[in-house]
Amino acid sequence: MNYAIGVFAVLVAVISQVAIMPAFSIFGVQPNLVIVLLVAWMVVRGRQEALVLIPIAGFTMGLLDSQPLGLAMLALAPLILMTVFRELRLVDSDILPAIALTMAATVVYEYTIMVTLVLRGESVTWLASVTSVLVPAAIANALLLIPVYWLIRIFSLGLRQRPAFG
Amino acid sequence: MQVRTRTWFGFVVLASVLFLAASRVAFLDPLENAALSVAAPIESGLRSTTRPVADFINNITDINRLSNENASLREENELLTAENARLTEAEQELRDLQGFLALRGIREGDAFVQADVFATDPSNTLQVIAINRGSNDGIAERMLVLSPQGSVVGTVSRVLDSAAWVTLVTDQTSAISALIQESRVQGVVAGSADGTLNMEFVEETADVKEGDLVLTSGLGGDHPSGELIGSVIEVDRAPQQLFQEVRVQPLADFTRLETVLILSSFVAQDPEPTTP
């Protein structure tokens, strides 16, 4: 059941990302609701569910974005490795590692897209991309993470308190 | 790191690479067509429903910028009103001398396909929008896309059956041969990572000034000539530089595009094959 809710949340996030998020720009960039949702879900709900949701999100995003199918999945794949950091519990807080992971995942995602552009023979201005895309996008996603994290946390508490049938 | 995590990571990367390989030969296009056919109406609905909310929030956060913009627009309005008066006179003269009605029919030979914008690529690295017309409607790659008012928006970069992706002129991979309308100075209008437009390869001595209109030159055969791209908003002549830095403002507001026109009557010419 939790997986079904997670998949539904991912689908809503992907559609919202391509349809709505471009209208809500922060620092001149659009926040990536999919990355934010995956990180928040990983931190609140645990790595088991996140490991399933990450490839599903990548595949779905690939179906609806302008890039070849598989690229979004590849760009989100490093999040799988990041689930390990969630388990390490380096600091006594959930939100701080979540912010760090969100920023790292954003940089990796945008960087993967840029590398594939270069591999396809397009010219990319690296320094300008870092200052005008990567850094603002990482900050914008970190800001969006805070409300998304609390929403999932509240929702997750409700899920745990629900009485079992039978 | 747990073996299971690494294995799962390897599996997902492998699956991604397989999907990428399959995409290269258009093996998965039917699946993408089906997904976009289902998602496009939902995305269109969401876009139009949330637009007023987005406008409201953006207006609150942009209050300072809007205030400055309002002041400069007021000045611009005054200038344009004066210019409009002069142009009205000039138009009257033109009508008398050359027959204005004949000029108005200049685009009669052009065919357009109207399309709605329903999505934007999620990556900030790319400036790409999705439109609800595809190969079924006669859309092909490299066709020029215009705003409803007639200024250049971008080029069709990927076509599916009932949808297509348009790379905006502001995308960092976009480059269009262009010229300044008044002085006929040639250059290349290129996008950038931060979404601004620059006219490159404009010689240091060339006559370029703020407010000049920038049009497609048609050089190279990729685009028709004479299509309006934007206007010059900044010219930087650095000493001892071969070229000027010319910043161009697109006329259309790409963040608010809802409808576009695809110029379907112009077919981009393929470059001549080089003979050994």
Side-chain angles (χ1 to χ4, degrees), chain A residues 14-26 28-30 32-34 47 51 54-55 58-78 80-81 83-84 87 109-111 113-114 117 122-134 136-137, chain B residues 1-2 4-6 8-9 11-13 15-24 28-29 31-32 34-36 39 42-47 49-51 53-55 57-58 61 118-126 128-130 157-158 165-167 172-173 175 190 192-195 255-256:
Chain A
V14 170
I15 290 184
S16 303
Q17 182 59 44
V18 291
I20 302 173
M21 293 313 283
F24 297 93
S25 66
I26 309 173
V29 293
Q30 48 171 325
N32 195 315
L33 185 59
V34 179
R47 64 190 293 268
L51 286 176
I54 291 164
F59 182 78
T60 318
M61 203 141 90
L63 284 174
L64 301 182
D65 71 8
S66 70
Q67 297 303 298
L69 188 61
L71 182 55
M73 201 172 172
L74 187 66
L76 289 178
I80 292 172
L81 299 178
T83 58
V84 174
E87 303 300 305
Y109 174 81
E110 298 288 355
Y111 190 82
I113 306 279
M114 282 157 61
L117 283 177
E122 306 284 2
S123 64
V124 169
T125 45
W126 291 98
L127 185 62
S129 296
V130 169
T131 54
S132 58
V133 176
L134 261 63
Chain B
M1 191 179 293
Q2 292 173 9
R4 207 172 133 235
T5 307
R6 274 183 297 183
W8 185 238
F9 174 71
F11 174 76
V12 171
V13 169
S16 308
V17 173
L18 288 175
F19 282 134
L20 281 168
S23 290
R24 276 194 77 82
L28 294 168
D29 276 6
L31 186 62
E32 289 190 70
L36 279 175
I42 302 170
E43 290 172 24
S44 285
L46 277 173
R47 272 175 84 91
T49 313
T50 53
R51 172 64 68 185
V53 182
D55 284 349
I57 292 171
N58 288 336
T61 54
F118 69 87
T120 305
D121 192 275
S123 168
N124 284 298
T125 310
L126 306 163
V128 183
I129 55 171
S157 51
R158 189 172 177 219
W165 291 93
V166 176
T167 300
Q172 60 179 320
T173 63
S192 62
D194 61 1
T255 59
R256 302 184 59 84

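These numbers come from the heavy atoms of this one structure, side chains and all, not from hydrogens, waters or symmetry mates.
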Chain A heavy atoms under 4.5 Å from [X]: which part of the residue, side chain, backbone, both or neither?
X        : value
B:Leu31  : both
B:Phe9   : both
B:Leu20  : both
B:Ser16  : both
B:Thr255 : neither

With a 4.5 Å heavy-atom cut-off, do [X] and [Y] have their side chains touching?
X       : Y       : answer
A:Ile54 : A:Thr83 : yes
B:Ile42 : A:Ile15 : yes
A:Leu69 : A:Phe59 : yes
A:Asn32 : A:Met21 : no
A:Leu64 : B:Leu36 : yes

Practice prompt. Find the one option among A:Leu71, A:Ile26, A:Leu51 whose heavy-atom pairs under 4.5 Å with chain B are most numerous.
Written response: A:Leu51
Toward chain B, the part of [X] with a non-hydrogen atom under 4.5 Å:
X        : result
A:Pro68  : both
A:Leu33  : neither
A:Val133 : side chain
A:Val124 : both
A:Thr60  : neither
A:Asp65  : both

Worksheet, complete the sentence: Result for side chain to side chain contact (heavy atoms under 4.5 Å, CB included) between A:Ser66 and one of B:Val166, B:Val128, B:Thr120 points to B:Val128
Item to complete: Search all heavy atoms of B:Glu32 against all heavy atoms of B:Arg158 and return the closest pair with its distance.
Response: OE2-NH2, 2.9 Å
Practice prompt. Could you verify whether a donor N or O on one side chain and an acceptor N or O on the other, from A:Ser123 and B:Gln172, lie under 3.5 Å apart?
Written response: no
Fill in: A:Gln30 side chain vs B:Asp121 backbone, donor-acceptor pair below 3.5 Å
yes
Worksheet item: Among B:Pro122, B:Ala193, B:Ala34, who wins on heavy-atom pairs under 4.5 Å with chain A?
Response: B:Pro122
Worksheet item: In terms of heavy-atom pairs under 4.5 Å, which option from B:Leu126, B:Asp194, B:Val13 contacts chain A the most?
Response: B:Leu126
